[in-house]
Participant: 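Below you will find the structure I want to go over with you.
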Amino acid sequence: MMEYDAIVVGVGGMGSAALYHLARHGLRVLGIERYNIPHEMGSSHGLTRIIRLAYYEHPSYVPLLRRAYELWRQLEHTAQERLLVITGSIDASPAGGDIIEGSRLSCEIHHLPHEILDSQELNKRFPAYRLPSGMSALYQPDGGFLLSERCIVAHVMAALEMGAAVHGQEQVLDWEPTNDGVEMRTDRNHYRAAKLVLCAGAWQAKLAPDLARLAVPERQVLAWFQPLRPELFRLQTFPVFNMAVEEGRYYGFPVYGIPGFKVGRYHHLSQVVDPDLMDRGVHGEDEEALRNFTARYFPDAAGPTMSLKTCLFTNTPDEHFILDLHPELPQVAIAAGFSGHGFKFCSVVGEVMADLVQTGCSRHNLDLFTIRRFETKV
Ligand SMILES: Cc1cc2nc3c(=O)[nH]c(=O)nc-3n(C[C@H](O)[C@H](O)[C@H](O)COP(=O)(O)OP(=O)(O)OC[C@H]3O[C@@H](n4cnc5c(N)ncnc54)[C@H](O)[C@@H]3O)c2cc1C
């Protein structure tokens with residue numbers, strides 16, 4: 001049986017970063033991934049993910065975000081590759097709504113530069129945006145996007161350089177705690193390790209069944225529509241956005257990588273799924289939800305469809321992450337439930353997981369992310 005200091009299950013967004021930070025600290029570490037590295041079956045594909053400092057979800061994410069930006073820049077330097085593209089970010093909602101007020105609060109508490117624009121001012125500054133009057137937008141200049149699959153590759157390459165072992169196309173079947181760590185069975189081998197890091201994304205509850213109520217997979221769909229006026233949707237003219245309107249909460253990107261304006265709706269059609277059985281096809285009602293929004297708020301982007309893809313969120317009940325040790329098994333660290341907004345944090349989550357494995361606590365404040373906040377036996 002092969003022995004390691006730590007095994008990371010799942011080499012996606014979070015697992016690749018955990019692997020790198022553990023290897024960087026000299027641990028003998030193995031990452032196991034059931035699909036290719038990277039792949040399109042989980043939560044991290046589709047080329048790009050928004051990163052932003054203004055954080056309406058909760059101001060206490062901002063210190064983690066500052067560290068995440070720093071670590072992404074370090075990874076770019078290591079990889080000698082551009083991974084983070086700055087465009088500025090827009091958070092918009094009806095004036096006084098949760099998004100605009102939450103975003104403003106995070107900026108004020110953490111002294112982030114920002115501007116508040118009404119819908120006319122926004123349209124004048126960024127002509128692609130056509131928000132109805134009564135909407136309010138916060139512009140934060142540090143927002144942008146990450147090249148998500150390239151980030152995974154960069155973390156894995158850097159981990160390999162540091163001596164990590166990485167196995168793709170190998171599925172973890174089960175694991176059990178032992179007196180001095182864990183034992184694990186995959187479809188290829190058996191392993192023993194002092195520590196286990198669970199980064200299995202939408203499959204997390206299959207490896208830790210007590211998380212079933214706390215990390216719930218949900219089907220998502222992404223669309224890329226060909227802009228009718230491409231000059232309005234370039235990196236220099238179009239900030240990434242998060243926006244609450246009467247149709248729901250949406251996010252979008254300038255044209256990059258795929259020749260189309262990229263758009264998605266949070267909790268798309270509210271479909272809780274089993275990731276092994278999910279419908280991965282894209283249908284008329286999926287496209288309609290994204291096209292109708294685009295036609296109303298970004299009419300210059302509503303040209304022919306270029307691409308459609310399915311993807312997975314894994315939601316916690318309060319939509320904040322789980323970054324913690326297993327309450328009964330201190331040899332097991334868990335990164336789960338990223339609730340559709342986790343990718344930007346992968347770099348710092350890798351550091352958090354390495355802290356938890358090595359010392360049982362983290363240099364970062366994890367009060368918002370404990371498992372025990374759900375007051376349930378895990
Ligand atoms: C459509 C969409 C848009 C999003 N937009 C944004 C955004 O703009 N900004 C942002 O910050 N976040 C965004 N997110 C959220 C973000 O992408 C996720 O939070 C993040 O990718 C989660 O990473 P992960 O490592 O948990 O999951 P994954 O990257 O899916 O990794 C989990 C890995 O575990 C592997 N695995 C599972 N079970 C096993 C097993 N038994 N054995 C071996 N391997 C296993 C899987 O194959 C997978 O590779 C978005 C998500 C989606 C779906």
Side-chain angles (χ1 to χ4, degrees), residues 7-19 30-52 55 57 61 64-65 68 72 89 143-146 148-149 151-152 155-156 166-175 184-188 197-208 215 217-223 240-242 249-253 262-268 275-276 278 286 290 308-316 319 321-323 334-350 353:
I7 294 177
V8 178
V9 180
V11 186
M14 305 298 164
S16 60
L19 204 56
L30 167 66
I32 305 180
E33 168 55 51
R34 65 184 282 186
Y35 296 115
N36 295 331
I37 302 172
H39 63 85
E40 296 221 334
M41 300 294 282
S43 302
S44 299
H45 58 284
L47 285 145
T48 50
R49 291 290 185 272
I50 291 173
I51 182 166
R52 56 196 154 88
Y55 224 69
E57 289 88 341
Y61 284 94
L64 280 178
L65 283 162
W72 287 124
S89 61
F145 59 85
L146 292 155
S148 51
E149 285 116 314
C151 290
I152 292 173
H155 270 134
V156 170
V166 183
H167 299 176
Q169 289 288 342
E170 178 167 351
Q171 184 175 359
V172 174
L173 299 177
D174 48 49
W175 61 274
M184 173 176 292
R185 188 171 64 95
T186 73
D187 56 1
R188 288 181 187 250
V197 185
L198 290 177
C199 297
W203 290 265
Q204 194 79 270
K206 299 208 176 206
L207 292 162
E218 185 188 20
R219 179 176 174 274
Q220 305 299 312
V221 173
L222 286 165
V240 296
F241 71 84
N242 267 258
R249 187 157 56 102
Y250 290 77
Y251 53 90
F253 300 71
K262 177 180 174 184
V263 62
R265 174 160 76 170
Y266 283 94
H267 306 303
H268 185 61
D276 291 318
M278 183 177 95
D286 294 316
L290 302 175
L308 297 162
K309 284 180 197 279
T310 56
C311 193
L312 282 150
F313 279 3
T314 309
N315 302 316
T316 62
E319 299 196 1
F321 313 154
I322 295 173
L323 300 174
I334 297 173
F338 291 95
S339 304
H341 62 116
F343 197 90
K344 61 183 83 59
F345 296 91
C346 291
S347 56
V348 69
V349 167
M353 289 295 114

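One-based numbering, in listed order, for ligands and for the atoms of each.
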Participant: Give, for atom CD of Gln171 and atom CG of Asp174, the distance between the pair rounded to the nearest 0.5 Å.
Facilitator: 10.5 Å
Participant: Out of curiosity, Ile152 CD1 to Cys346 SG, how far, rounded to the nearest 0.5 Å?
Facilitator: 7.0 Å
Participant: Only heavy atoms of Leu312, strictly under 4.0 Å: list the atoms of ligand 1 that pass.
Facilitator: 53 (C)
Participant: In terms of residue, atom name and distance, what is the protein heavy atom nearest to atom 25 (O) of ligand 1?
Facilitator: Met14 N, 2.8 Å
Participant: May I ask you to identify the nearest protein heavy atom to atom 6 (C) of ligand 1, giving residue, atom name and distance to one decimal place in Å?
Facilitator: Arg49 CD, 3.1 Å
Participant: Would you say ligand 1 has an N or O under 3.5 Å from any N or O of Leu207?
Facilitator: no
Participant: Within the structure provided, determine whether Glu40 and Tyr35 are in side-chain contact (heavy-atom separation under 4.5 Å).
Facilitator: no
Participant: Under 4.5 Å between any side-chain heavy atoms of Gln169 and Asn36, yes or no?
Facilitator: yes
Participant: Roughly how far apart are Thr310 OG1 and Leu222 CG, rounded to 0.5 Å?
Facilitator: 9.0 Å
Participant: Looking only at protein heavy atoms, which one is nearest to atom 9 (N) of ligand 1, and how far off is it?
Facilitator: Ile50 O, 3.0 Å
Participant: Would you say ligand 1 has an N or O under 3.5 Å from any N or O of Ser44?
Facilitator: yes
Participant: Quick check for you: to the nearest 0.5 Å, what is the distance between Glu170 atom CD and Leu30 atom CG?
Facilitator: 7.0 Å
Participant: Considering only protein heavy atoms, which is closest to atom 51 (C) of ligand 1, and at what distance to one decimal place?
Facilitator: Phe313 CE1, 3.5 Å
Participant: Of the protein's non-hydrogen atoms, which lies at the shortest distance from atom 44 (N) of ligand 1, and what is that distance?
Facilitator: Arg34 N, 3.1 Å
Participant: Please verify the inter-ring angle class for Phe345 with Phe321; under 30° counts as parallel, over 60° as perpendicular, anything in between as tilted.
Facilitator: perpendicular
Participant: For Lys344 and ligand 1, does the shortest N/O to N/O distance drop below 3.5 Å?
Facilitator: yes
Participant: State whether the shortest distance between N or O atoms of Trp203 and N or O atoms of ligand 1 falls below 3.5 angstrom.
Facilitator: no
Participant: What residue and heavy atom of the protein are closest to atom 27 (O) of ligand 1, and at what distance?
Facilitator: Gly201 CA, 3.7 Å
Participant: Between Gln220 and ligand 1, is there a nitrogen or oxygen pair with a distance under 3.5 Å?
Facilitator: no
Participant: Return the closest protein heavy atom for atom 15 (C) of ligand 1 as residue, atom name and distance.
Facilitator: Gly340 C, 3.5 Å
Participant: What distance do Leu312 atom CG and Trp203 atom CH2 have between them, rounded to the nearest 0.5 Å?
Facilitator: 6.0 Å
Participant: Report yes if the side chains of Leu19 and His155 come closer than 4.5 Å at any heavy-atom pair, otherwise no.
Facilitator: no
Participant: Judging by distance only, is a nitrogen or oxygen of Ser43 under 3.5 angstrom from one on ligand 1?
Facilitator: yes
Participant: For ligand 1, is there an atom lying under 4.0 Å from some heavy atom of Lys309?
Facilitator: no
Participant: With respect to Cys311, determine whether any N or O atom, backbone or side chain, lies less than 3.5 Å from an N or O atom of ligand 1.
Facilitator: no
Participant: With backbone taken as N, CA, C and O and side chain as the heavy atoms from C-beta onward, which portion of Glu33 lies under 4.0 Å from ligand 1: side chain, backbone, both, or neither?
Facilitator: both
Participant: Please list the nearest protein heavy atom to atom 12 (N) of ligand 1 with its residue and the distance rounded to 0.1 Å.
Facilitator: Phe343 N, 3.1 Å
Participant: Using ring-ring contact (aromatic ring centres under 6.0 Å, His included), reason through Phe313 and His268 one step at a time and then give a plain yes or no.
Facilitator: CA-CA 10 Å; Phe313 279 3; His268 185 61; 9.8 Å; no
Participant: Which of the atoms of ligand 1 are close to Leu222, meaning less than 4.0 Å from one of its heavy atoms?
Facilitator: 1 (C)
Participant: Using the rule side chain to side chain donor-acceptor pair (under 3.5 Å), only one of Glu319, Arg219, Gln220 pairs with His267; which is it?
Facilitator: Glu319
Participant: I'd like to check which ligand 1 atoms, numbered from 1 as shown, lie under 4.0 Å from a non-hydrogen atom of Ala200.
Facilitator: 32 (C), 34 (O), 37 (C), 38 (N)
Participant: List every atom of ligand 1 that sits less than 4.0 Å from any heavy atom of Tyr35, numbering the atoms from 1 in the order shown and giving each element.
Facilitator: 47 (O)
Participant: Between Phe145 and Leu47, does a side-chain contact (heavy atoms from CB on, under 4.5 Å) hold up when you go through it step by step?
Facilitator: CA-CA 10 Å; Phe145 59 85; Leu47 285 145; over 6 Å; no
Participant: Would you compute the distance between atom NE2 of His167 and atom OG1 of Thr186 and round it to the nearest 0.5 angstrom?
Facilitator: 9.0 Å
Participant: Short list, please: which atoms of ligand 1 are under 4.0 Å from a heavy atom of Gly13?
Facilitator: 25 (O), 29 (O)
Participant: Nearest non-hydrogen atom to atom 1 (C) of ligand 1 belongs to which of Tyr266, Phe338, Tyr251, Phe345?
Facilitator: Tyr251
Participant: Does ligand 1 have any atom sitting under 4.0 Å from a heavy atom of Glu170?
Facilitator: yes
Participant: Which of the atoms in ligand 1, numbered in the order shown and given with their element, are less than 4.0 Å from a heavy-atom of Gln171?
Facilitator: 41 (N), 42 (N)
Participant: Do the rings of Trp72 and Phe343 sit parallel, tilted or perpendicular, given the 30° and 60° boundaries?
Facilitator: parallel
Participant: Looking only at heavy atoms, what is the nearest atom pair of Ser347 and Ala68, with distance?
Facilitator: OG-O, 3.1 Å
Participant: Output the list of atoms in ligand 1 that are nearer than 4.0 Å to some heavy atom of Gly42, sorted by atom number.
Facilitator: 30 (O)
Participant: How does His39 reach ligand 1, by side chain, by backbone, by both or by neither, if only non-hydrogen atoms under 4.0 Å count?
Facilitator: side chain
Participant: Does the side chain of Lys206 come within less than 4.5 Å of Asp276's, by heavy atoms?
Facilitator: yes
Participant: Under 4.0 Å from a heavy atom of Cys199: which atoms of ligand 1 are those, numbered in the order shown and with their elements?
Facilitator: 32 (C), 33 (C), 34 (O)
